[in-house]
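Working notes, beginning with the structure itself.
As the structure is a computational prediction, the values presented were derived from the model and not from experiment.
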Amino acid sequence: MTAQNLTQSSKPKRIVVKIGSSLLTNNGRGLDRTAIYEWARQIATLHAQGLEVVLVSSGAVAEGVVRMNLAERPKKLEALQACASIGQMGLIETWWQALIQKGVQSSQVLLTHDDLSHRLRYLNISQTIAQLMDWRVVPVINENDTISFDEIKFGDNDSLGAMAAAMIHADLYIILTDQDGVFDDNPSTNANAKLISQERAMADYLFDVAGDGGKWGSGGMLTKIRAARLAAMSQCQTVIANGKVDDVIIRLAMGERIGTRLTTDSQDKLIAKKQWLAAHIRMAGTLVVDDGAKLAITKDHKSLLPIGVTEVYGDFDEGDVVEIVDTNKTRLAVGQASFSSQHAKQIIRKNSDQISQILQGNSDGKTVIVHCDDMAVL
């Protein structure tokens with residue numbers, strides 16, 4: 001499909017664009033302002049056509065490394081966070097200047113994994129970003145590296161971009177990198193390696209051909225494949241392309257075949273959701289189940305019923321991700337709770353037909369604590 005024959009109805013309305021450190025920092029030599037201004041021009045062009053664009057920008061740590069004249073990216077957490085603190089100022093200032101010169105207002109949004117795994121914070125963030133887009137502002141999102149630690153880190157902005165795409169119900173997630181896309185072998189060692197033009201995001205063999213991260217970034221092609229699977233959870237297609245291609249953002253938005261397009265379908269959406277659940281690090285609460293429920297969810301892949309739950313720990317809301325453990329506290333699965341912890345504690349060890357009466361009509365017809373479609377068995 002080319003820009004010329006793409007119909008207006010199939011043009012994406014919401015796009016998330018993620019640009020990696022290797023592009024933004026010109027392989028570690030400070031922010032490449034010429035490139036940033038060029039991408040800003042492309043974003044402004046789409047913005048003028050009525051498209052809504054969210055930008056996910058790496059580069060804070062790498063910019064901090066350069067500003068401090070360090071020979072390489074630090075390995076100690078406190079040094080990385082210090083570099084992020086220093087570099088973030090230059091990064092967001094550069095994006096603001098580049099976009100405002102094209103008549104586009106922008107904003108800064110710094111997030112951690114904890115922000116998006118907590119339901120109330122997630123809703124608040126999504127509402128804020130929705131307001132920004134209503135005001136025709138381009139949000140510039142980055143991980144809050146200055147305060148992040150292992151338990152709350154995304155670890156890479158590819159995953160952050162995918163979660164942002166799911167949050168705003170984006171139609172297209174563009175990952176710009178210094179590679180032409182995903183190849184069936186390593187193109188640097190195999191001259192006959194072929195570019196994979198299109199594939200299902202859930203195709204298992206993609207992991208076999210993905211590589212590791214580079215010197216100046218935290219991710220590689222592997223993280224981009226994982227991110228595409230996360231985006232698939234919200235039926236969002238992902239394109240991995242070379243950010244140095246002329247007008248690449250505009251051309252991809254118009255449907256031109258550049259890089260690798262990773263598609264999704266309804267079945268992939270369910271698989272991706274379960275992988276997203278399994279990837280959660282922090283749990284909002286814990287459900288302890290008896291042996292009958294353990295067998296039902298691990299062997300028969302059934303939903304978790306209230307009668308099989310013996311204890312509820314934590315303070316969580318409906319939709320929060322909780323862990324399911326057996327009586328020995330061995331983790332069996334993770335899933336999204338159908339009830340808040342307050343309501344869950346009232347209905348455990350009860351039959352499903354008693355829920356509505358116990359909760360006095362506040363059950364909304366739900367009869368399971370965690371539905372099998374919202375659960376990842378470990």
Side-chain angles (χ1 to χ4, degrees), residues 1 10-20 51-56 111 113 116-117 122 125-126 129 141 154-177 179 181-184 195-211 219-241 249 252-253 255 257-281 301 319 321 333-336 371-378:
M1 185 181 297
S10 61
K11 181 190 294 186
K13 296 179 175 61
R14 284 187 175 179
I15 301 174
V16 173
V17 179
K18 184 266 178 180
I19 307 177
L51 276 69
E52 295 175 321
V53 181
V54 171
L55 176 64
V56 178
L111 300 174
H113 190 286
L116 299 189
S117 62
Y122 179 94
I125 293 163
S126 64
I129 292 177
I141 300 176
F154 290 99
D156 64 87
N157 272 351
D158 297 322
S159 298
L160 174 57
M163 296 186 77
M167 177 189 295
I168 69 167
H169 306 292
D171 307 295
L172 180 64
Y173 177 31
I174 297 173
I175 301 178
L176 296 184
T177 179
Q179 303 296 317
V182 184
F183 287 78
D184 60 5
L195 177 71
I196 301 171
S197 177
Q198 182 167 312
E199 184 55 271
R200 289 175 51 250
M202 306 307 295
D204 289 334
Y205 80 91
L206 292 174
F207 283 129
D208 296 330
V209 298
M221 202 56 72
L222 181 62
T223 67
K224 292 166 180 53
I225 300 301
R226 288 173 174 163
R229 292 188 167 203
L230 286 176
M233 185 180 70
S234 60
Q235 297 275 266
C236 178
Q237 291 193 8
T238 299
V239 178
I240 303 170
I249 299 175
L252 287 173
R257 295 291 186 182
I258 303 173
T260 300
R261 183 175 294 265
L262 300 175
T263 63
T264 181
D265 57 31
S266 57
Q267 183 178 5
D268 288 340
K269 177 181 179 181
L270 181 58
I271 296 172
K273 182 171 186 178
K274 289 179 180 288
Q275 290 185 339
W276 172 75
L277 288 167
H280 268 69
I281 300 172
H301 304 290
V321 179
V334 297
Q336 288 181 287
H371 195 279
C372 59
D373 287 348
D374 299 324
M375 183 192 308
V377 178
L378 305 177

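The structure places CG of L195 at 11.0 Å from CD of Q179, a figure rounded to the nearest 0.5 Å. Rounding to the nearest 0.5 Å places CD1 of I225 at 8.0 Å from CD1 of I175.
When all heavy atoms of L172 and A253 are compared, the closest pair comes out as CD2-CA, 4.3 Å. When every heavy atom of A201 is checked against every heavy atom of A228, the shortest pair comes out as CB-O, 3.9 Å.
Looking only at side-chain heavy atoms (C-beta outward), Q198 and T263 come within less than 4.5 Å of each other. Contact of the L206 side chain with the L262 side chain is registered, since non-hydrogen atoms from C-beta on lie closer than 4.5 Å. Under the 4.5 Å side-chain criterion, counting only non-hydrogen atoms from C-beta, R226 is in contact with F207.
Looking only at distances, no side-chain donor or acceptor of Y173 sits under 3.5 Å from a matching main-chain atom of A232. Using a distance-only test at 3.5 Å, with no hydrogens or angles considered, no donor-acceptor pair links the side chain of R14 to the main chain of D171. Using a distance-only test at 3.5 Å, with no hydrogens or angles considered, no donor-acceptor pair links the side chain of R261 to the main chain of V239. Side chain of T260 to main chain of I196: a donor-acceptor pair is present (N/O by atom type, distance under 3.5 Å, no hydrogens or angles).
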Report the C-alpha distance between R229 and D158 in whole Å, list the side-chain angles of each, state the deciding distance to 0.1 Å, and finish with yes or no for salt bridge (charged side-chain N to carboxylate O under 4.0 Å, His left out).
CA-CA 11 Å; R229 292 188 167 203; D158 297 322; over 6 Å; no
